[in-house]
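As structure tokens, the structure follows; a few thoughts come after it.
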Amino acid sequence: MSNLNQLTIYEASQLIKAGKVTPIELVKDCLDRIKEVDQELLAWRVVDELSSMETARSLTQEMKNGKVRGPLHGIPVGIKDIFDVAGLPTRAGSVIFENVDPAVEDCSIVAKLREAGAVIIGKTHVTQLAFYEPSPTRNPYHLQHTPGGSSSGSAAAISANMALLTLGAQTNASISRPGAYCGAVCFKPTTHSIQMDGVFPLAPSFDSPGLFANSLLDLAIGYQPFSDRSVNDLDELYLQSLTGGSCKVGVVSDAIYSEASIDLQNVQEETIKRLEVNHYEIKEVQAPRSFSDLIDLHRLVMAYEAAQHHHALVEEHDIGGKFGALVEEGQQISEGAYKDAMDNIHRVKSEMLELFDSFDVLLTLPTDTSAPEGLDPTGNPKFTTPWAALGVPLVVIPAALDGKGLPLAMMFASAPGSDFDLIKNCLPIERVMGKLPLPMIGNCK
């Protein structure tokens with residue numbers, strides 16, 4: 001069987017369970033794909049071919065002995081290079097960590113993925129210290145346009161079919177923006193719902209892991225080891241993905257969204273029309289007046305916490321640029337101002353919870369445009385910033401290509417703690433929205 005790297009996780013897991021495909025074959029196909037296209041895309045910081053094939057052989061033997069750990073058994077996974085992976089260094093996109101020793105053990109997130117049967121095939125590129133200085137990664141849909149940041153490598157690796165699942169992280173818009181720009185489906189769970197030990201921090205109040213894949217069902221499979229749901233619940237989600245659905249959708253209105261490109265506004269209108277045709281209850285809802293205040297509040301908290309964690313690092317290595325400026329900014333913020341900002345965020349969050357009580361999901365935009373030309377800057381995060389401040393679960397689904405052939409996406413949010421329900425409610429929406437064509441790179445040209 002060819003092009004195994006283009007399978008969804010669900011499809012691959014069914015073939016592995018049936019003994020028709022082995023983890024060895026699946027991992028090798030992804031490694032071959034990396035060799036084929038990553039010289040152009042530069043999504044990977046390091047590919048651990050030796051270790052990943054050894055793990056694949058072990059999992060293949062388990063499969064032949066009648067043991068399949070679950071739907072992640074033998075699935076090739078890439079890890080953003082801010083998460084500790086045993087045997088590999090964590091460089092966080094910075095030359096100051098170029099010669100750092102390999103991690104002694106996996107962070108808890110990677111450990112859970114391994115326990116579920118995932119094969120860690122390498123670490124993906126990240127912007128410098130997980131902030132705004134770009135990584136070398138290119139956008140699979142147009143090499144001269146940004147893939148976003150900071151989880152640029154993880155998003156590009158999925159879009160170009162180099163892995164079936166990748167791990168990213170978001171403090172501001174570092175999952176939603178790369179997912180939207182690269183045409184990858186992505187999911188950020190409720191902030192602080194998953195332990196973040198062994199991860200390079202930026203602003204712990206907002207830091208959250210997240211996942212990229214080629215479908216929402218795949219994201220549910222990847223998220224299941226971290227949730228309170230069983231593998232059996234995934235079968236119900238599979239059936240949900242094949243059938244129609246209906247839920248209450250609130251379309252968020254706020255002044256900041258008037259800055260969206262005409263292309264994105266048109267795609268949002270088309271998405272709403274498709275949902276209405278499919279019997280979804282759609283209603284425009286005005287965000288609280290204080291919603292856009294979250295942008296400045298988020299910046300203040302992020303700068304303060306970055307300074308608390310990294311001022312010594314910045315001074316020791318004389319780090320300048322955008323990260324150095326952020327830390328310097330944070331050092332000027334008083335503890336009182338920081339606490340006031342956190343109180344104001346919690347106040348706005350209370351106001352937003354009233355909206356979540358009235359709707360199953362809220363529909364909004366993750367970005368203001370498609371991926372901008374050039375690699376620096378990495379795009380404007382402000383459409384996602386308020387949602388990052390709120391800490392709610394988010395799903396981004398590619399919706400269309402613009403006139404330049406670049407992806408445009410929609411974003412969906414729900415109440416804190418409703419992570420699995422958000423995926424469940426969005427599964428039929430994803431089906432209504434359709435699939436993007438593959439990027440024209442490598443053997444997909």
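Q128 contributes atom CD, which lies 7.0 Å from atom CD1 of I319 (distance to the nearest 0.5 angstrom). Here the NE2 atom belonging to H298 is positioned 9.5 Å from the OG atom belonging to S205, to the nearest 0.5 angstrom. Here the straight-line distance linking atom CG of N139 with atom OG of S159 works out to 7.0 Å at 0.5 Å rounding. Between the OG1 atom of T8 and the CD1 atom of I75 there is a distance of 8.5 Å, given to the nearest 0.5 Å. One distance of note links CZ of R91 with CD1 of I82; it measures 15.0 Å at 0.5 Å rounding. For the atom pair CZ (F212) and OG1 (T166), the distance works out to 5.5 Å, reported to the nearest 0.5 Å.
With contacts defined as side-chain heavy-atom distances shorter than 4.5 Å, the pair V185/S215 does not qualify. Side-chain atoms of M302 and F131, non-hydrogen and from C-beta on, do get closer than 4.5 Å to each other. No side-chain heavy atom of Y132 sits under 4.5 Å from any side-chain heavy atom of T127. No side-chain heavy atom of L59 sits under 4.5 Å from any side-chain heavy atom of I24. Looking at L217 and L427, their side chains come closer than 4.5 Å, going by heavy atoms from C-beta outward. L363 places a side-chain heavy atom less than 4.5 Å from the side chain of M410. With a 4.5 Å cut-off on side-chain heavy atoms, L129 and F97 count as touching. The closest side-chain heavy-atom distance from L143 to L41 is below 4.5 Å.
The heavy-atom pair separating V21 from M63 by the smallest distance is O-SD, 3.6 Å. What you find for G183 and Y141 is that their closest heavy atoms are CA-CE1, 4.4 Å. Here the shortest heavy-atom pairing between S370 and L408 reads CB-CD2, 3.6 Å. The two residues N214 and E430 make their nearest non-hydrogen contact at O-OE2, 4.5 Å. Residues I441 and R33 share a closest heavy-atom pair of O-NH2, 3.4 Å. Here the shortest heavy-atom pairing between K322 and E133 reads N-OE1, 3.2 Å.
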> Could you go step by step and tell me if L167 and I109 meet the side chain to side chain contact (heavy atoms under 4.5 Å, CB included) rule?
Replying inline: CA-CA 9 Å; L167 179 64; I109 295 173; 3.8 Å; yes

> Under the salt bridge (Lys or Arg N to Asp or Glu O under 4.0 Å) criterion, do E105 and R114 qualify, and how do the steps go?
Replying inline: CA-CA 12 Å; E105 60 183 10; R114 281 200 207 268; over 6 Å; no

> Do Y280 and C247 pass the side chain to side chain contact (heavy atoms under 4.5 Å, CB included) test, and can you show the C-alpha distance, the side-chain angles, and the key distance before you say yes or no?
Replying inline: CA-CA 6 Å; Y280 280 81; C247 64; 3.8 Å; yes

>> Would L202 and F323 count as a side chain to side chain contact (heavy atoms under 4.5 Å, CB included) here? Give the steps.
In response: CA-CA 10 Å; L202 180 55; F323 188 84; 3.7 Å; yes

>> If you apply the rule salt bridge (Lys or Arg N to Asp or Glu O under 4.0 Å), what do you find for E236 with K424, and how did you get there?
In response: CA-CA 9 Å; E236 179 190 343; K424 183 177 179 180; 2.9 Å; yes

> Which is it for E49 and K35 under the salt bridge (Lys or Arg N to Asp or Glu O under 4.0 Å) test, yes or no, and what are the steps along the way?
Replying inline: CA-CA 11 Å; E49 182 169 0; K35 291 172 185 175; 3.2 Å; yes

>> I'd like to know whether K404 forms a salt bridge (Lys or Arg N to Asp or Glu O under 4.0 Å) with D263, so could you lay out the CA-CA distance, the side-chain angles of the two residues, the decisive distance to 0.1 Å, and finally the verdict.
In response: CA-CA 11 Å; K404 296 178 181 178; D263 280 345; over 6 Å; no

>> For H310 and F200: C-alpha separation, side-chain torsions, deciding distance, then whether ring pair (Phe, Tyr, Trp, His ring centres under 6.0 Å) applies.
In response: CA-CA 10 Å; H310 299 303; F200 181 84; 4.8 Å; yes

> After noting the C-alpha distance and the side-chain angles of S152 and S135, does the key distance pass the side chain to side chain donor-acceptor pair (under 3.5 Å) rule?
Replying inline: CA-CA 7 Å; S152 46; S135 78; 2.8 Å; yes

> Going through the checks in order, is the side chain to side chain donor-acceptor pair (under 3.5 Å) test met by T146 and Y181?
Replying inline: CA-CA 8 Å; T146 179; Y181 287 169; over 6 Å; no

>> One pair to check against side chain to side chain contact (heavy atoms under 4.5 Å, CB included): L401 and L436. What are the steps and the verdict?
In response: CA-CA 7 Å; L401 298 179; L436 295 189; 4.0 Å; yes

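With a 6.0 Å radius and a threshold of 12 heavy atoms from other residues, nucleotides or ligands, E98 has its CD atom above the threshold. The 12-atom threshold is exceeded at CD of E259, counting heavy atoms of other residues, nucleotides or ligands nearer than 6.0 Å. F356 CZ: more than 12 foreign heavy atoms inside a 6.0 Å radius. Counting non-hydrogen atoms of other residues, nucleotides and ligands closer than 6.0 Å to CG of N99 gives a total of 12 or fewer. Within 6.0 Å of CG in L239 there are more than 12 heavy atoms belonging to other residues, nucleotides or ligands. Sparse packing is recorded around CD of E115, with 12 or fewer heavy atoms of other residues, nucleotides or ligands lying under 6.0 Å away. Atom CD of E281 has 12 or fewer neighbouring heavy atoms from other residues, nucleotides or ligands inside a 6.0 Å radius.
At least one donor-acceptor pair closer than 3.5 Å links the side chain of D233 to the backbone N or O of S230. Listed for the D29 side chain is a donor-acceptor partner under 3.5 Å among the backbone atoms of L4. At least one donor-acceptor pair under 3.5 Å links the side chain of T190 to the backbone N or O of G417. Panel note: side chain N161, backbone Q6; no donor-acceptor pair is recorded below 3.5 Å. Remark: the backbone N or O of A260 is paired with a side-chain donor or acceptor of Q265 at under 3.5 angstrom. D419 contributes no side-chain N or O that, together with a main-chain N or O of P393, makes up a donor-acceptor pair within less than 3.5 Å. Of the possible donor and acceptor atoms, one in the side chain of D38 sits under 3.5 Å from a partner among the backbone N and O of L42.
Salt bridge annotation for E62-R69: present, with a cationic side-chain nitrogen under 4.0 angstrom from a carboxylate oxygen. Electrostatic pairing of E270 and R274 counts as a salt bridge here, judged by a charged N lying under 4.0 Å from a carboxylate O. A salt bridge does not link D368 to K382: none of the charged nitrogens lies less than 4.0 Å from a carboxylate oxygen.
If you look at F206 and W387, their ring centroids are not closer than 6.0 Å.
The aromatic rings of Y223 and F187 sit perpendicular to each other, their planes meeting at more than 60°, with 30° as the lower class boundary.
With K80 as the partner, the side-chain hydrogen bond (donor to acceptor under 3.5 Å, both in side chains) test is satisfied by one option alone out of S154, S174, S151: S151. Exactly one of S227, P225, P209 qualifies for a side chain to side chain contact (heavy atoms under 4.5 Å, CB included) with I194. That residue is P209.
In summary, the side chains of T384 and R177 do not present any donor paired with an acceptor at a separation below 3.5 Å, with no hydrogens or angles considered.
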